[in-house]
Trainee: 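The structure is given below, and queries will be raised subsequently.
Chain letters run A, B, ... following the sequence lines, proteins first, then strands; residues in each count from 1. Predicted model, so just to flag it, every value in this text is computed and none were measured.
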Amino acid sequence: MSVLEGIVFFIAAILALGGALGVVLLRNPFFSVLALVLHLLALATLFLLLHAQFLAAAQIIVYAGAVMVLYVFVAAYVGNVEESLTPSGPLLTLAPWFAAALFVELVIAALGTGLSQINTEGATVPAGFGAPAQFGELLLKRFLIPFEAASYLLLIAAVGAVVLARRRRGLEHLD
Amino acid sequence: MDVSWYIVLSALIFCIGLAGVLSRRNPLVVLLSLELVLNAGNLALVGFSRMWGNADGQIFALIVMVVAACEVVVGLGLIVAMYRHRVPIDVDEMSELHG
């Protein structure tokens, strides 16, 4: 059980890291989108290992499905502009080094923490942990206000996207 | 697997995404890198939720996914608007905020 879990974890982790590196390092934005799909699928596997079944399903359906289709549409609409990966300014050469320094700092913070449970597999969880039933109960009882706020946020974002992307007639003289 | 493995993996993905946000010039790829950052946050939330045996962190992760979807919709709308106005699809070219 534990060995199998470890094997699945490392395969999913390597795929997730490969996808993440692909997003950042590939020159064609279309291939970046495909690398992100790979990353999201690997992340859904990790969610399953962490007993978050509903979240894994939502990740695949909402993210790897709907959101990535939106990206593919826009990448095809705008056209594939290949960009060179050489930094455009002296400050930008520092970006990877800044990220590496932040990673070292985060790892020191995570491994040097006083949380005693972080080096265990976590608490024993009941049978329905992370299942849709538990999600529904939490969303409609304890987290009702964030749930409603999220629905308003989605409505505002949908209206905003329509307003941003529509053809503006009568505003051409401003260009 | 220990929870610390997931946290370290999440930190690594976060930093890769951060490097992408800081160094790429195509706004589409900047948005994709932002997705990496948000997903790293999700992984850490779910990992800690597993650690405590408490599903609140998973609700947080679901809300983060909602926020990410909103951000994608508005960001892609901006890119389409840039394309319509024949602004070059390059974040370095966008030095003024007027449309």
Trainee: Under 4.5 Å from any heavy atom of chain A, what part of B/Ser10 do you find: side chain, backbone, both or neither?
Mentor: neither
Trainee: So what's closer than 4.5 Å to chain B heavy atoms on A/Phe98: side chain, backbone, both or neither?
Mentor: side chain
Trainee: What distance do B/Cys70 atom SG and A/Ile156 atom CD1 have between them, rounded to the nearest 0.5 Å?
Mentor: 8.5 Å
Trainee: Quick one: what part of A/Leu154 sits under 4.5 Å from any heavy atom of chain B, side chain, backbone, both or neither?
Mentor: both
Trainee: Which bit of A/Leu46 is near chain B, if near means a heavy-atom gap under 4.5 Å: side chain, backbone, both or neither?
Mentor: both
Trainee: Is the shortest heavy-atom distance from the side chain of A/Leu164 to the side chain of B/Leu76 under 4.5 Å?
Mentor: no
Trainee: Give the minimum heavy-atom separation between B/Leu18 and A/Ala99, together with the two atoms involved.
Mentor: CD2-CA, 4.4 Å
Trainee: Using heavy-atom distances under 4.5 Å, tell me whether A/Phe73 contacts chain B through its side chain, its backbone, both, or neither.
Mentor: neither
Trainee: Counting distance only, does the side-chain N/O of B/Arg50 pair as donor-acceptor with the main-chain N or O of A/His51 below 3.5 Å?
Mentor: no
Trainee: For A/Glu105, which atoms come within 4.5 Å of any heavy atom of chain B: side chain, backbone, both, or neither?
Mentor: neither
Trainee: How long is the span from the CG atom in B/Leu62 to the CG atom in A/Leu139, to the nearest 0.5 Å?
Mentor: 6.0 Å
Trainee: Which heavy-atom pair separates A/Pro29 from B/Leu32 by the least distance, and what is that distance?
Mentor: O-CD1, 4.3 Å
Trainee: Are B/Ile63 and A/Phe143 close enough that some pair of their side-chain heavy atoms sits under 4.5 Å apart?
Mentor: no
Trainee: Is it the backbone or the side chain of A/Val33 that comes under 4.5 Å from a heavy atom of chain B, or both, or neither?
Mentor: both
Trainee: Under 4.5 Å from any heavy atom of chain A, what part of B/Leu78 do you find: side chain, backbone, both or neither?
Mentor: both
Trainee: Considering only heavy atoms, which portion of A/Phe135 lies under 4.5 Å from any heavy atom of chain B: side chain, backbone, both, or neither?
Mentor: both
Trainee: Only heavy atoms, only distances under 4.5 angstrom. Which residues in residues 64-71 of chain A are near chain B?
Mentor: A/Val67, A/Leu70, A/Tyr71
Trainee: Given side chains that start at C-beta, do those of A/Val78 and B/Leu28 come closer than 4.5 Å, heavy atoms only?
Mentor: no
Trainee: Less than 4.5 Å to any heavy atom of chain B: does that hold for the side chain of A/Leu102, its backbone, both, or neither?
Mentor: both
Trainee: Work out which heavy atom in B/Asn39 is nearest to a heavy atom in A/His39; give both atom names and the distance.
Mentor: CB-NE2, 4.1 Å
Trainee: Between B/Ala55, B/Ala19, B/Ser33, B/Ala44, who has the most heavy-atom pairs with chain A when the cutoff is under 4.5 Å?
Mentor: B/Ala55
Trainee: How close do B/Arg24 and A/Arg27 get, heavy atom to heavy atom, and via which atoms?
Mentor: NH2-O, 3.8 Å
Trainee: Heavy-atom cut-off 4.5 Å, strictly under: side chain, backbone, both or neither for B/Leu43 against chain A?
Mentor: both
Trainee: Is it the side chain or the backbone of A/Tyr63 that comes within 4.5 Å of chain B heavy atoms, both, or neither?
Mentor: side chain
Trainee: Below 4.5 Å, heavy atoms only, C-beta onward: do B/Tyr6 and A/Phe9 meet side chain to side chain?
Mentor: yes
Trainee: For chain A, which candidate among B/Phe14, B/Trp5, B/Phe48 shows the most heavy-atom pairs at distances under 4.5 Å?
Mentor: B/Trp5
Trainee: Just so I understand: if I count every heavy-atom pair under 4.5 Å between each of B/Leu22, B/Val74, B/Leu12, B/Ile7 and chain A, which residue has the most?
Mentor: B/Leu12
